[in-house]
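Each remark here refers to the structure printed beneath this line.
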Amino acid sequence: MDYIHYPLLYFKVDENTVLGLLVGTEYEVIDRDLRSVKSVLSKHLQKQYKKFNDYAPGYAAVPKLKVIHLPVKPAYTGNSGIYPMSQSVEVPVVAIYGKTTYGDFECALPMLHRHFHYYDIEQLDALIRHFATGILNQMQADAIYKLLQYPKIQLDVVSLRIKSDRNYTWDGFYTPRTFKTLNSLTEQYPSRQTRRHNALPDAAWELDDQVAQVVDKIIATRSNVLIVGNPGVGKSAVLRQAIRKITNQGKEQQLGYTFWRIMPQRITASAKYLGEWEETCEALVDELLAANGILWVEDMVRLLQIGGGGPETSVAAFLQTFLQQGKLQIIGEATPAELESMRRLLPGFMALFQVVTIEELSEASISRILEKVSEHAARNLKITIKEEALPIVYRLLHRYEPYERFPGKAIRFLSRCISNVQQKQGTQIDKKVVIENFVEQTGLPELFLRDDLRLDQDEMQRFFSSRIIGQPQALHHIANIVKVYKAGLNNPHKPITSLIFAGPTGVGKTAAAKALADYFFGQGQQQSPLIRIDMSELQHPTQISRFIGQGQEIGQLVRESRERPFAVLLLDEVEKAHPVLFDILLGLLDEGMLVDAYGRVTNFRNTIVIMTSNLGAVTGQSLGFQRTDTAEAVYLSAIQQHFRPEFFNRIDDVVIFKPLSQDAVQEIARKELNTYIRREGFLRKGLQLRFTERVFAYLEQAGFSEQYGARPLQKTIEQQITNPIAKWLLKNPDIANCSIEVDYTENGLEFRPIYK
């Protein structure tokens, strides 16, 4: 190629003045004649070459001019609405078209600030009418009449002779050598360094139509594209497949498109001074233009959060002008909730995007995808996925992870299964392997995952009775939760259950929550399945950000629930929180979802929500044997008076914990001491502690109080038992491998070693 041609629109202002517009840029030059105008613009293009070490995109052949007259009814906007004129006017639409230096065909509508690509010259007129009509219909009457005032427009070109050793680096597509901003903030996709970390291929199976639609919008119309769908439907797979398809076409047709992936926060991460991130954005746009680049933004909603104090001063708002001028093309993805949020917060920005919606696939399509996964694993990974395993995968994910969509969740789960089998040097995935991996991922026991296992009610009763002492009514409620969940009859669109544990302090409310967490989710998770939040620390409305987060800040509830979606959420002393927090919890209790202002969703549908409360507890009651018929009514009345009806009605049940009886006190003391004797110091020295009945009687009196119930017991054990034993063992360092009888006398604790 010997020349690059840049289209120049010009018209005479008067006999001694010519105005020239360099198409595709903002540059306008007024000089005495056309020759002078072209000289100024030619020097400018040479300066651009020195700056970027490459020529700006232009046309390979001399572009052509076409003018199409379109009938338009101008309209103007008043306080009460939009008022169209009664008669239409003929508006001349100027179009410049031809083959670009990248080998494709482009048409520019310079007076309307729009350009697009085309493949068939016979379709050019129809495309011009399509794009121009859409733009003109959105213009105000004064802007349309302004277009009619231009003198006769003519076309010329600014032609530059290029060097034969232009700076190209061929890696499957055209790439300028050095882009400082792009290289520091983005990564090119695809590239030779791109590697897949999953065991399965990154394929958009069963989504060919959506891939073709995205390719068409990106290339044919050069639109900004946003792929919208729920988590797991295949948004990312479609986008990556579309980019690879465009890249492959570029290799064959020498189109030269490049794609650059960016995380929005990187734009502002290094900014220290006022206006610095704006300069970064301008440099990013300039380099993308020089590279014929398309910006792939991950986490699109973050563009509205960073930069300024709100969406209207954010990075998205700053980039909006470049999008309107056609200088920047962005692609990305979002959930429906995020799309709605972005449209509400920054409607002008979102109006510049073409939306491609992806719905969840049918069960038949999902089955075909799972079969393709199985074929790939057998052919390329030498891992056999048994036929019996795939229906189990579908059933478990469909029931226990309803908040995510197929096929994404199935592909991720099978990829994890394959990786685990490879680490163990196995060769197949059967029903057993599927269940083991699901237990590890969720913490749910096999009892809930396998329909062939029956619930052993006696075993369940023994488990909870050993953990929850002196509360038969609470045990009854908890047993019902287990039975409903085992039968699969819980509402899948709400939390597993939501409860208020009411009663005096120190009677086992928190212990019951821990027991539920261990029973439901304690089988495979490395983290504790109990999320505990002290609501007494959230007594002011300004502390809401600590609870759910604000802007880029993520609150404790959202952070921990995203890390552990299978858990018991314990909101301790809930009645002490500020009332505005109860409004936030309404959606959580009603739909099992929490959506923030930017459309980000936190799911609680695999969570047991427990709120503890002391409302209705009468201070000063004597310990034990509190069995009045009105006790439950007092608690319920106090709770209903404190919480608004719309909140209380979303609670599945209120479980009343009664004051502890004398028998319960003794049993708790024995349980604590049985745990105490298994401490490392005793086991290491081979010591077995035996406590006399007088020790238990002492603990009953010293470790319990009317005000705090069983709360002081552990503190009493540390002070009254651990400290004396530690002193005694230090005085008798040779004591080992024997039993020690611990007795309580008038002189305090006595220790008697017993050797066999």
Side-chain angles (χ1 to χ4, degrees), residues 455-486 490 495-522 529-532 535 567-575 589 607-618 621 623-640 642-643 648 651-672 704 706 708-711 713-714:
L455 175 63
D456 187 334
Q457 297 192 40
D458 292 336
E459 182 181 351
M460 175 189 67
Q461 190 72 23
R462 285 193 296 272
F463 175 86
F464 285 112
S465 296
S466 66
R467 304 283 296 273
I468 306 169
I469 298 171
Q471 301 294 345
Q473 185 175 359
L475 288 175
H476 174 73
H477 284 280
I478 290 172
N480 287 338
I481 296 170
V482 175
K483 293 173 185 177
V484 170
Y485 193 69
K486 171 60 179 174
N490 60 296
I496 295 173
T497 189
S498 54
L499 307 168
I500 290 181
F501 282 0
T505 298
V507 295
K509 299 189 295 294
T510 301
K514 291 179 179 178
L516 261 176
D518 290 340
Y519 188 84
F520 268 83
F521 311 114
L530 181 71
I531 300 171
R532 185 173 181 177
M535 302 296 282
V568 167
L569 172 61
L570 177 61
L571 304 177
D572 225 352
E573 297 187 283
V574 68
E575 76 277 4
L589 298 174
T607 301
I608 296 174
V609 181
I610 296 176
M611 293 166 274
T612 66
S613 172
N614 296 328
L615 290 170
V618 180
Q621 287 184 332
L623 184 65
F625 306 106
Q626 303 294 330
R627 298 293 185 268
T628 63
D629 296 336
T630 60
E632 185 169 335
V634 169
Y635 284 110
L636 287 174
S637 176
I639 291 170
Q640 289 177 323
H642 184 81
F643 298 109
F648 179 79
I651 304 297
D652 292 330
D653 208 350
V654 177
V655 182
I656 307 300
F657 284 70
K658 299 180 179 180
L660 295 170
S661 66
Q662 205 70 28
D663 291 339
V665 169
Q666 295 176 5
E667 189 174 350
I668 292 173
R670 294 179 187 277
K671 175 177 174 293
E672 291 293 335
F704 292 84
E706 295 181 2
Y708 299 109
R711 285 277 169 85
L713 178 59
Q714 291 184 345

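Values below: every heavy atom of this structure, side chains too, minus hydrogens, waters and symmetry copies. This one's a predicted model, so the numbers in the text were calculated from it and none came from an experiment.
Shortest non-hydrogen contact noted between V568 and A513 is CG1-O, 4.1 Å. Contact record, L589 with S498: CD2-CB, 3.8 Å, taken as the closest heavy-atom pair. Minimum heavy-atom separation, I651 to M611: CD1-CE, 3.1 Å. N490 approaches V484 most closely through the heavy-atom pair N-CG1, 3.7 Å. Looking at every heavy atom in both residues, G616 comes nearest to Y635 through C-CE2, 3.5 Å. The nearest pair of heavy atoms linking P529 to G522 is CG-CA, 4.2 Å.
Two residues are said to be in side-chain contact when any heavy atoms from C-beta on lie closer than 4.5 Å; L571 and T612 fail this criterion. Using a 4.5 Å heavy-atom cutoff, the side chains of L569 and R532 are not in contact. Between K658 and V507, every side-chain heavy-atom pair lies at or beyond the 4.5 Å cut-off.
To the nearest 0.5 Å, the span separating CZ on F643 from CD on E575 amounts to 6.5 Å. A distance of 11.5 Å separates CD1 in I531 from CD1 in I608, rounded to the nearest 0.5 Å. Here I478 contributes atom CD1 and Q473 contributes atom CD; the two are 11.0 Å apart, rounded to the nearest 0.5 Å. Considering CG of L516 and CZ of F521, their distance stands at 8.5 Å, rounded to 0.5 Å. Distance CD1/I610 to NZ/K509: 12.0 Å, rounded to 0.5 Å. Atom NE2 of H642 sits about 13.0 Å away from atom OG of S637, to the nearest 0.5 Å.
With sequence neighbours excluded, no residue satisfies side-chain hydrogen bond (donor to acceptor under 3.5 Å, both in side chains) with Q640. Legend: residues meeting side-chain contact (heavy atoms from CB on, under 4.5 Å) with A664, ordered by chain and number and at least two apart, are I469, L660, S661. Looking at residues two or more places apart in sequence or on another chain, you find a salt bridge (charged side-chain N to carboxylate O under 4.0 Å, His left out) between R670 and E693. With sequence neighbours left out, the ring-ring contact (aromatic ring centres under 6.0 Å, His included) criterion links Y519 to F463, F464. Residues meeting the side-chain hydrogen bond (donor to acceptor under 3.5 Å, both in side chains) test with K671, sequence neighbours left out: none. Under the rule for a side-chain hydrogen bond (donor to acceptor under 3.5 Å, both in side chains), S465 has no partner lying at least two apart in sequence or in another chain. Applying the side-chain hydrogen bond (donor to acceptor under 3.5 Å, both in side chains) test to T497 and every residue at least two apart in sequence or in another chain returns D652. When the ring-ring contact (aromatic ring centres under 6.0 Å, His included) test is applied to F501, the partners found at least two apart in sequence or on another chain are F657. The side-chain contact (heavy atoms from CB on, under 4.5 Å) search around L636 returns E632, V654, not counting sequence neighbours. Annotation: salt bridge (charged side-chain N to carboxylate O under 4.0 Å, His left out) contacts of E573 (sequence neighbours excluded): K576. Looking at residues two or more places apart in sequence or on another chain, you find a side-chain contact (heavy atoms from CB on, under 4.5 Å) between E672 and I668, L713, Q714, I717.
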Inset, instruction - Show your reasoning for whether side chain to side chain contact (heavy atoms under 4.5 Å, CB included) applies to D572 and M535. - result: CA-CA 6 Å; D572 225 352; M535 302 296 282; 5.7 Å; no
Inset, instruction - Show your reasoning for whether side-chain hydrogen bond (donor to acceptor under 3.5 Å, both in side chains) applies to Q457 and K483. - result: CA-CA 9 Å; Q457 297 192 40; K483 293 173 185 177; 3.3 Å; yes
Inset, instruction - Could you please spell out the steps behind the side chain to side chain contact (heavy atoms under 4.5 Å, CB included) verdict for L570 and T510? - result: CA-CA 8 Å; L570 177 61; T510 301; 4.0 Å; yes
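For the pair S613 (side chain) and L615 (backbone), a donor-acceptor distance under 3.5 Å is present.
The list of salt bridge (Lys or Arg N to Asp or Glu O under 4.0 Å) pairs with a residue in residues 463-472, not counting sequence neighbours, reads R467-D518.
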